[in-house]
Amino acid sequence: MFGSGDPDADLMFIGEGPGAEEDRQGLPFVGRAGELLTKIIQAIGLERDQVYIANIVKCRPPGNRDPQPEEVSACRRYLEQQIDLIQPKIIVLLGRVAAQTLLGNDLTLGRMRDQWHSVREVEARVTYHPAALLRNASFKRPTWEDMQVVRDRLAEASGR
Ligand code: URA
C-alpha cells in the first residue's frame, strides 16, 4: 500500500500506516479515519484526487500497534523518494508518529503544532491524526485552525 492521489499535487498528507480496511483495498485512508480526512480536504476547498496521500509505513502493523523503528526505517527511503518525486508545496503530517519520524524528534504533538517545519526542503505543518479526532472531538477545532493556515499558505505558494 504505497500512496494515492495526484502525483503533481501541491499538497501531500502523510499518515502513519494502513489499517485493516486500507490493507484490504490497497489504498491509504479509506476506512473511517479516511472518510474524515476526505472531509478535512474538502473543507479547505480541495478534493481527494487533487492531493497526494501516503503513510510512514507501507504495511499494516498487526493489531494497529505503532510501527516499530525497523519497520519505519525499512519504508523510509521509499517515502523520501515519494516526497522528492511529488515535490509538493506543503506537507501535512498527520499525528505524532508521522511528525516524529519526519522531523526526527520525540516531542509531543502539541509541541510540534503551530509552526512551520521543513521536510526534505518542503514546508510542513503538523496536525492531529483523523483517527484521534474520531476518539476525541475536542481536537477538531485545533485541526481546523491548522488546516486554515495550510489553505492560506497553499494559496500564497501557488500564487492564487
Ligand atoms: N491511518 C493512517 O495513518 N493511515 C491510513 O492509511 C489509514 C489510517
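Numbers here are sequence positions counted from 1. Start at 1 and go down the list; that is how both ligands and their atoms are numbered.
Once rounded to the nearest 0.5 Å, the distance linking CD of Gln42 with CG of Leu37 reads 10.0 Å.
The N/O atoms of Phe29, backbone and side chain alike, include one that comes under 3.5 Å of an N/O atom in ligand 1.
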Check against ring pair (Phe, Tyr, Trp, His ring centres under 6.0 Å), Phe29 and His129: CA-CA 11 Å; Phe29 281 102; His129 193 288; 5.5 Å; yes
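Taking the six-membered ring for Trp and the full ring otherwise, the centers of Phe13 and Tyr52 sit at least 6.0 Å from each other.
The His129 neighbourhood of ligand 1 comprises atoms 1 (N), 2 (C), 3 (O), with distances under 4.0 Å to a heavy atom of that residue. Listed by atom number, the atoms of ligand 1 under 4.0 Å from Pro28 heavy atoms are 6 (O). Near Gly15, meaning under 4.0 Å from any of its heavy atoms, are these atoms of ligand 1: 3 (O). Less than 4.0 angstrom separates some heavy atom of Glu16 from each of these atoms of ligand 1: 2 (C), 3 (O).
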Could you list the donor-acceptor pairs under 3.5 angstrom formed by side chains in residues 86-103, with sequence neighbours left out?
| from | atom 1 | to | atom 2 | distance (Å) |
| --- | --- | --- | --- | --- |
| Arg96 | NH1 | Gln100 | OE1 | 3.3 |
| Arg96 | NH2 | Asp66 | OD2 | 2.9 |
| Gln100 | NE2 | Leu107 | O | 2.9 |
| Thr101 | OG1 | Val97 | O | 2.6 |

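The closest donor-acceptor contact from the side chain of Glu123 to the backbone of Val119 lies at 3.5 Å or more, if one exists at all.
Looking only at protein heavy atoms, the nearest one to atom 2 (C) of ligand 1 is Gly17 O, 3.1 Å. Of all protein heavy atoms, the one closest to atom 4 (N) of ligand 1 is Asn55 OD1, 2.7 Å.
Under the 4.0 Å criterion applied to side-chain N and carboxylate O atoms, Arg77 and Glu80 are not assigned as salt-bridge partners.
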